[in-house]
Amino acid sequence: MKTIFEPTKGMIPVDTSYCPGCGHGIAHRIIMECLEERGSLGNTIGVVPIGCAINAHHFMNVDMCESTHGRAPAIAAGIRRVHPDQVVFTYQGDGDLASIGTAEIIHAAHRGEKFTTFFINNAIYGMTGGQMAPTTLIGQKTTTSVNGRTVEQAGLPLRMCEILSQIDCAVFVERVMLNNPANVRKAKAAVKKALDIQDARLGFTFVEFLSSCPTNWGLAPKDALNYVGQNMADYYPVRNFKTPEGF
Amino acid sequence: MSRVLMKGNEAFAEAAIRAGVKCYFGYPITPQNEIPEYMSHELPKAGGAFIQAESELAAINMAFGASASGGRVFISTSSPGLALMQEGIGFIASCEVPLVILNVSRGGPGVGGIQPGQADYLQVTRGGYNGDVRVPVFAPSSIQECANLIYECFDIADEYRNPVVILADGMLGQMMEPVELPEARGITPVEKINDERPWAITGTDNHPERNVVYSLRLDPQVLENHCFDMFEKYAKAEKELVRWTDQGLEDAEIVFVAFGTMSRLCVEAIELLEERGIKAGLIRPISLWPYPNAAFDKIGKNCKVVISTELSMGQMITDVKTAVQGRWPVSLINRTGGMVPSSIEIADRAEKALKEATK
């Protein structure tokens with residue numbers, strides 16, 4: 001019988017700890033599919049964040065380490081110095097990357113670190129129970145902005161792709177979204193491209209995923225996907241910011 | 001081995017290179033700046049990698065990544081920088097990853113000053129990290145001893161899979177002394193990493209099982225078991241890593257307890273007291289954790305007072321009192337904030353303490 005589908009060997013065949021409708025599972029899978037398709041599963045080292053995705057090392061079938069909160073890019077820089085030939089990536093959420101870890105992500109980009117960062121932006125702190133993130137939208141209700149985020153109280157949401165694309169040694173910067181199958185395919189293409197550019201050692205590579213957190217947004221999974229496609233994509237333009245010549 | 005005259009900080013950096021360091025990550029902070037400077041031009045020549053980190057937070061985490069993936073890693077900082085690294089040290093210990101950290105310490109608290117100090121005693125022996133962690137700490141009193149310790153501590157860190165701290169007060173970093181540097185032993189090639197460190201994350205093609213370096217244990221029973229396991233290692237360390245030197249304890253009336261630069265001043269003070277007809281001895285802890293309690297059992301019958309002699313407001317004195325166990329009065333001679341007493345000042349204050357104790 002002809003096999004028409006099989007799960008990627010990049011994912012360990014266990015149930016994930018993620019909620020129904022959460023984007024982490026999709027992001028994990030497309031990253032791992034890309035690594036498998038290019039034959040990189042055996043020579044990849046990944047760094048997981050603090051946040052829901054700290055559990056990623058139970059699901060991603062590659063060598064991994066945890067990190068202190070926000071410091072994954074520093075850890076990956078250390079790994080890269082020991083392993084010049086491996087594929088190295090960090091996987092980070094918005095509290096981890098855009099709040100406590102801003103210095104590390106900026107300076108990883110600034111040094112042109114030859115690894116890829118996958119940034120899951122779901123506009124909220126998931127693991128700690130739904131507090132406001134730097135990427136929380138204006139008006140969005142969280143447990144630390146119960147009447148909705150205001151500019152006066154918390155400023156405007158931070159756009160990481162726009163910030164990082166200003167840095168010369170960040171050579172590939174793209175924002176994608178995980179709200180429907182067509183966009184998931186585009187997201188996978190961005191992941192593949194980031195890894196190819198990492199292989200070419202041209203500089204720092206960065207993919208931001210607009211993702212959903214139905215549990216802490218208080219939305220049904222389907223409504224959460226609509227929120228990504230409408231509200232989040234309104235503020236966070238989904239596009240390529242930077243690609244090196246030849247890619 | 002060749003004998004050369006070198007500034008402390010440069011000798012420490014060279015000793016680390018010869019110990020086979022693959023990576024050094026540093027952030028400028030006085031009085032240890034010669035170490036990142038030296039590493040930036042010498043480590044790449046030896047086949048290693050240098051990054052000037054954006055902060056001490058980044059430096060300690062770069063060190064974690066490099067060591068978790070199997071590289072031999074050295075970092076250095078000074079007191080406030082070490083305070084910034086504390087979370088990382090506890091995390092690295094919890095992940096059971098080796099690391100050698102040199103603290104060329106200065107006067108505190110806060111930003112403090114840049115002159116030598118020993119007020120990091122509690123910071124290095126008790127730490128600012130959360131949770132049940134112990135970190136072996138060694139305190140050299142000469143450039144030679146520090147260079148030897150740096151070389152050796154990589155093996156200790158590897159054996160125990162734990163961070164190890166060397167506490168060298170700023171005086172040692174900034175002065176010059178003759179030093180014999182150890183032989184270079186070379187960097188472990190990347191393809192040999194898992195032979196030496198089977199747990200290291202190098203890519204699953206390089207070892208039989210997938211490797212994960214982690215700290216999170218949400219099940220309290222699993223976490224408790226992890227702490228029990230770590231404390232088995234620490235119990236072994238308490239047996240095997242205790243080090244000190246002593247002199248004249250058998251018939252001493254005064255016993256100084258001092259480490260690092262202060263111990264050298266005490267040796268001079270002991271000579272001054274001898275001229276005054278007073279017998280004094282010295283316990284010089286080299287391991288600050290585990291503390292050399294056994295040294296105190298060598299103190300003889302003539303002892304009237306034990307004096308903790310420190311460049312702080314009195315931090316080691318707690319460990320001295322624990323080791324003394326009420327057998328003799330314990331007194332403190334100290335300067336702090338970067339002030340260093342003369343050997344005459346120490347002798348005078350010791351004589352006064354002896355009179356108080358025998359009143």
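Letters A, B, ... mirror the listed sequences (proteins, then strands); counts begin at 1.
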Visitor: Would you say the side-chain atoms of A:H24 and A:N55 include a donor-acceptor pair closer than 3.5 Å?
Guide: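 Absent: no donor and acceptor within the cut-off.
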Visitor: Please classify the contact between B:V190 and chain A as side chain, backbone, both or neither, with a heavy-atom cut-off of under 4.5 Å.
Guide: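 Looking at B:V190, just its side chain touches chain A.
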Visitor: Can you establish whether the number of heavy atoms outside B:E191 located under 6.0 Å from its atom CD is more than 12?
Guide: yes
Visitor: I'd like to know if A:K188 and A:E33 make a salt bridge, using a cut-off of under 4.0 Å between side-chain N and carboxylate O.
Guide: yes
Visitor: Of the listed residues (B:H207, B:M62, B:E87, B:R72), which shares the most heavy-atom pairs with chain A below a 4.5 Å separation?
Guide: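 Greatest number of close heavy-atom pairs with chain A: B:M62.
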Visitor: Just give me the residue among A:M64, A:R71, A:H107 that pairs up with chain B most often, heavy atom to heavy atom, under 4.5 Å.
Guide: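 Highest number of pairs under 4.5 Å: A:M64.
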Visitor: What residue in A:N43, A:T44, A:V62 has the most heavy-atom pairs under 4.5 Å with chain B?
Guide: A:V62
Visitor: A cation-pi test, strictly: NZ or CZ of B:R134 under 6.0 Å from the centre of the six-membered ring of B:Y160 and no more than 45 degrees from its axis. Yes or no?
Guide: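 So B:R134 doesn't make the cation-pi contact.
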Visitor: So B:Y214 and A:H57, would you call those rings parallel, tilted or perpendicular, with 30° and 60° as cut-offs?
Guide: tilted
Visitor: In terms of heavy-atom pairs under 4.5 Å with chain B, which of A:V48, A:I79, A:I54 leads?
Guide: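 Among A:V48, A:I79, A:I54, the one with the most close pairs to chain B is A:I79.
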Visitor: Relative to chain A, which of B:I187, B:V97, B:V213 shows the most heavy atom pairs under 4.5 Å?
Guide: B:V213
Visitor: Between B:N61 and A:S67, do the side chains contain a donor N or O and an acceptor N or O under 3.5 Å apart?
Guide: no
Visitor: Which atoms of B:I193 are under 4.5 Å from chain A, going by heavy atoms: the side chain, the backbone, both sets, or neither?
Guide: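 Side chain of B:I193 only, per the 4.5 Å heavy-atom cut-off to chain A.
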Visitor: Less than 4.0 Å between a side-chain N and a carboxylate O, is that true for A:K193 and A:E174?
Guide: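 Salt bridge: no.
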Visitor: Regarding B:Y24 and B:S76, is there a side-chain donor-to-acceptor distance under 3.5 Å anywhere?
Guide: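 Note: B:Y24 and B:S76 side chains meet the donor-acceptor criterion.
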Visitor: If you tally heavy-atom pairs under 4.5 Å against chain A, which of B:G71, B:A66, B:A63 wins?
Guide: B:A66
Visitor: Can you tell which of B:I201, B:N211, B:V73 has the highest number of heavy-atom pairs within less than 4.5 Å of chain A?
Guide: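 Among the listed options, the one with the most contacts to chain A is B:I201.
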Visitor: Heavy atoms under 4.5 Å from chain A: which residues of residues 46-60 of chain B carry them?
Guide: B:A49, B:I51, B:E54, B:S55, B:L57, B:A58
Visitor: Kindly assign one of parallel, tilted or perpendicular to the pair A:H28 and A:Y91, based on the angle between their ring planes and the thresholds 30° and 60°.
Guide: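 Taking A:Y91 first and then A:H28, their aromatic rings stand perpendicular (interplane angle over 60°).
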Visitor: Looking at the rings of A:F115 and A:F204, which for Trp means the six-membered one, are their centres under 6.0 Å apart?
Guide: yes
Visitor: Is A:N61 in contact with chain B via its backbone, its side chain, both, or neither, using a 4.5 Å heavy-atom distance?
Guide: both
Visitor: Can you tell which of A:E104, A:R80, A:H83 has the highest number of heavy-atom pairs within less than 4.5 Å of chain B?
Guide: A:H83
Visitor: With a 4.5 angstrom heavy-atom cut-off, could you sort out which part of A:I12 is near chain B: side chain, backbone, both or neither?
Guide: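 Just its side chain gets close to chain B.
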Visitor: Is there a donor-acceptor pair under 3.5 Å between the side chain of B:S69 and the backbone N or O of B:T202?
Guide: no
Visitor: Is there a donor-acceptor contact under 3.5 Å from the side chain of A:K242 to the main chain of A:A170?
Guide: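 Looks like yes, one N/O pair under 3.5 Å.
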